[in-house]
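Each remark here refers to the structure printed beneath this line.
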Protein chains: 2
Amino acid sequence: MRPGARALPEHTRSHNRALVLQALYRGDGLSRADLAREVGLTRVTISDLVAELIDEDLAVELGRRPDARPGKPATLLDINRSGFAIIGLDLSFNSAFRGAVTDLDGTILHRAHVDTTGMTGDEAVAAVTTLVDKLVDSAGAPILGIGVGSPGVVNAEGTVLSAPNLGWSNVPLQDMLSEHTHLPTQVANDANTAALAERTFGGSQGDTMLVRIGRGVGSGVVISGAPVYGSNFAAGEIGHVVVGTDGGERCACNKIGCLETWLATPRLEAKLADASTEDERHEILREAGQRLGIALAPIVGALNLGEVVLSGPLALLDGTLLTGAAETLRDRTMADFHGDLTLRMTTLGEDIVVLGAVVMVLTGQLGVS
Amino acid sequence: MRPGARALPEHTRSHNRALVLQALYRGDGLSRADLAREVGLTRVTISDLVAELIDEDLAVELGRRPDARPGKPATLLDINRSGFAIIGLDLSFNSAFRGAVTDLDGTILHRAHVDTTGMTGDEAVAAVTTLVDKLVDSAGAPILGIGVGSPGVVNAEGTVLSAPNLGWSNVPLQDMLSEHTHLPTQVANDANTAALAERTFGGSQGDTMLVRIGRGVGSGVVISGAPVYGSNFAAGEIGHVVVGTDGGERCACNKIGCLETWLATPRLEAKLADASTEDERHEILREAGQRLGIALAPIVGALNLGEVVLSGPLALLDGTLLTGAAETLRDRTMADFHGDLTLRMTTLGEDIVVLGAVVMVLTGQLGVS
DNA sequence: TTTGTTAGTAAAGGTTACGAACAAACAAAG
DNA sequence: CTTTGTTTGTTCGTAACCTTTACTAACAAA
């Protein structure tokens, strides 16, 4: 057993502290007494915890509750939503790293990016720190932490074990950034990060799977609120799973009929460009959707997922492809038995990874999710 | 937020208590000082906790450690492995309910079963209580609790929401049994239960999936040590996922090419009986294995599972079918990328569900897993 | 003005785990 | 045989935590 698994009295405190922060984060104008009822602790303890939070500037008093109720009027509290900034990075774009400064609500206050065309290895790492420095400089409030969504395989310590497109292997990005900035930093896989964003800001409840379709196909699964990492931190790598039993195109990985050969945007766009009629284009998109549905069916069945969310170029995904996938999914699973299964596009657009990075910081630093 | 999520000092205590029990359970002759080092608490606290456990008869002193070391000789401790009994039930057999009394190690001390041919509904429920009563009577030690692995969809409160074969819907089996026996009782789906057994007694580490092949095909997934329940408590129901894109037989659920049509033992045995040559039989089993591999590939990819375990009739599964599935799985995923993926038969045989039920009790009552 | 209700604070009390110190028991060295 | 050093397990006092009880402040309604 790893040391540190033991519980000390102070862990009780930090747990309850996180509960209070979470209640404040989700709620909208709560008094200490409200918190006591919500969290289940006494007013005394809540007062103590709140005093601590106000002391650290994490919570603020908003003034009296406007209601006219008998008794002493309540003092409303809130998380200091604008008092802190969070930095979120998305390293998954094609030829640029993008990042943003947000407040605690995930509202984007400022954006920045660096061009990374042709960059790999150390040069790409340097580009990350450049971007981080830019964002740190432009933050107008104390920075709570830095979150990074990176392509490739990332372990629990935030080391990028392998990211072929960036020429990275065993890059301890999290340690490097936290040493460089002296700020709490968390690095994770981009699809996992996106899945977290969907759960916190996209309205997903319960277990969620997020599928990212772009140059490749990746996914992130969140079960019981926690991302699934997998035995080798490679969870979500569904792009190179063979789909169907009727052949297909040859993939870069040398197999035939990988999910990526059906869905990766470069291939899909090429096929669409070759198509001459609208009907042909529809057919291509429908088939791509069906393939996605075929691949998702066993996963949805095994995990009894309530919702699968797609992230990627709307023009390609939202429409024929989405409905094709949804139909296939329904036809291939016991949808009625499993209750309603929703397959939909994310509402978070291109910011999804940045927002997920923000969620990681919120979770890591405040215990809020 | 549900009340009760708050942490109190006593939760710290029970957490540490569970850590001590777990260390004792896994270890083999530990002293208080050993425990202190292992768990990370001080000798003082450990002594206090151990005294409590000895007081409840959950731990026993074994006497002095035989070693010749300088210093005060250590007093060895152990969980009172034979001092308590656990009752495990398996309701998933065809025409009988089986159960056993075990000690804390899962060693089976006594077996019992009741015939359930033709029984459904209340009659089947009565058969469960009959079996439990038998086992309770034959237990030679205080009973720690009762665990039940039931077919069908079972929610977190141990209510069987639906079990077609037994004619059950919304049967609050857990409540009924705990009221009847006044013993801590836990009811869960049989495949989930089996997956727990595999993790605790079968030597699986990390995230595990267990596939049960019998009259139907079901599965249980354990991620980060906890079973996955799914949005509607129907996780693991992969029997009616369509496999492949080249048709197949019609299933009882009215779809074509469900996993069950390829793998359910009645169908498989019928096909084998029709086959005339050994080669034909091999081909049938190989194809069945391939279908299993096709269905598992996306799941293994998405979750980056390290191990998939099969449970069912050895004669059918162990051999051509297993190797066929393993090969297909390797061909259809990035096995090299994901590290070693093992596909193997369970070593727990027919007792797997009973043992899983025992694990549920161990986990629920002692925090041991 | 009185009564009842709600919000927040203060003081006292019981748990929980820790650190320091200690006695017991033993091995090894002289 | 004595001394030294090590290890075990316990005792005692302390700090952190949350609770219960009691209290004040502030207001609505009768």
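- Straight-line distance from the NE2 atom of B/H11 to the C1' atom of C/dA17: 17 Å, rounded to whole Å.
- Under the 4.0 Å criterion applied to side-chain N and carboxylate O atoms, A/R32 and A/E61 are assigned as salt-bridge partners.
- A/S47 has no side-chain polar atom (N or O) that falls below the 4.0 Å cut-off from OP1 or OP2 of C/dG8.
- In this structure, B/L77 atom CG and D/dT8 atom P are separated by 12 Å, rounded to whole Å.
- Rounded to an integer number of Å, the gap from CD1 of A/I46 to P of D/dT19 is 9 Å.
- Atom NE2 of A/H15 and atom P of D/dC18 are 10 Å apart (whole Å).
- Taking 4.0 angstrom as the limit, B/T75 places a side-chain polar atom (N or O) nearer than this to OP1 or OP2 of D/dG9.
- Among the nucleotides D/dG9, C/dA7, C/dA17, the one closest to any side-chain atom of A/R43 is C/dA7.
- Closest approach to the A/A74 side chain among D/dT19, C/dG8, D/dT10 is made by C/dG8 (side chain taken as heavy atoms from C-beta onward).
- Taking atom CD on A/E10 and atom P on D/dC18, their separation rounds to 11 Å, with Å as the unit.
- Side-chain atoms of B/T45 lie closest to C/dA17 of the nucleotides C/dA7, D/dT19, C/dA17.
- Look at CZ on A/R65: it is 12 Å from P on C/dT6, rounded to the nearest Å.
- Counting only N and O atoms by type, the side chains of A/D48 and A/T45 include no donor and acceptor under 3.5 Å apart.
- A/R199 places a side-chain N or O within donor-acceptor distance of the main-chain N or O of A/G206, the cut-off being under 3.5 Å.
- For B/R64, counting side-chain heavy atoms from C-beta on, the closest listed nucleotide (D/dA26, C/dG8, C/dC26) is C/dC26.
- Heavy-atom contacts from other residues, nucleotides or ligands closer than 6.0 Å to CG of B/D28 number 12 or fewer.
- Although no hydrogens or angles enter the test, the distance criterion places no donor-acceptor pair under 3.5 Å between the side chain of A/Q186 and the main chain of A/G147.
- Rounded to whole Å, the distance from CG on B/N16 to C1' on C/dT16 is 9 Å.
- Ranked by how close their nearest DNA chain D nucleotide is to the 5' end, A/V44 and B/D34 are led by B/D34.
- The NZ atom of A/K72 sits 10 Å away from the P atom of C/dA7 (whole-angstrom rounding).
- In this model, the phosphate group of D/dT19 is approached by a side-chain N or O of A/T42 to a distance below 4.0 Å at OP1 or OP2.
- For A/L8, the side-chain atoms get nearest to C/dA17 when compared with the rest of C/dG19, C/dA17, C/dC26.
- OP1 or OP2 of D/dG9 lies within a sub-4.0 Å distance of a side-chain N or O belonging to B/S31.
- The shortest distance between the side-chain N/O atoms of B/R13 and the OP1/OP2 oxygens of C/dT15 is not below 4.0 Å.
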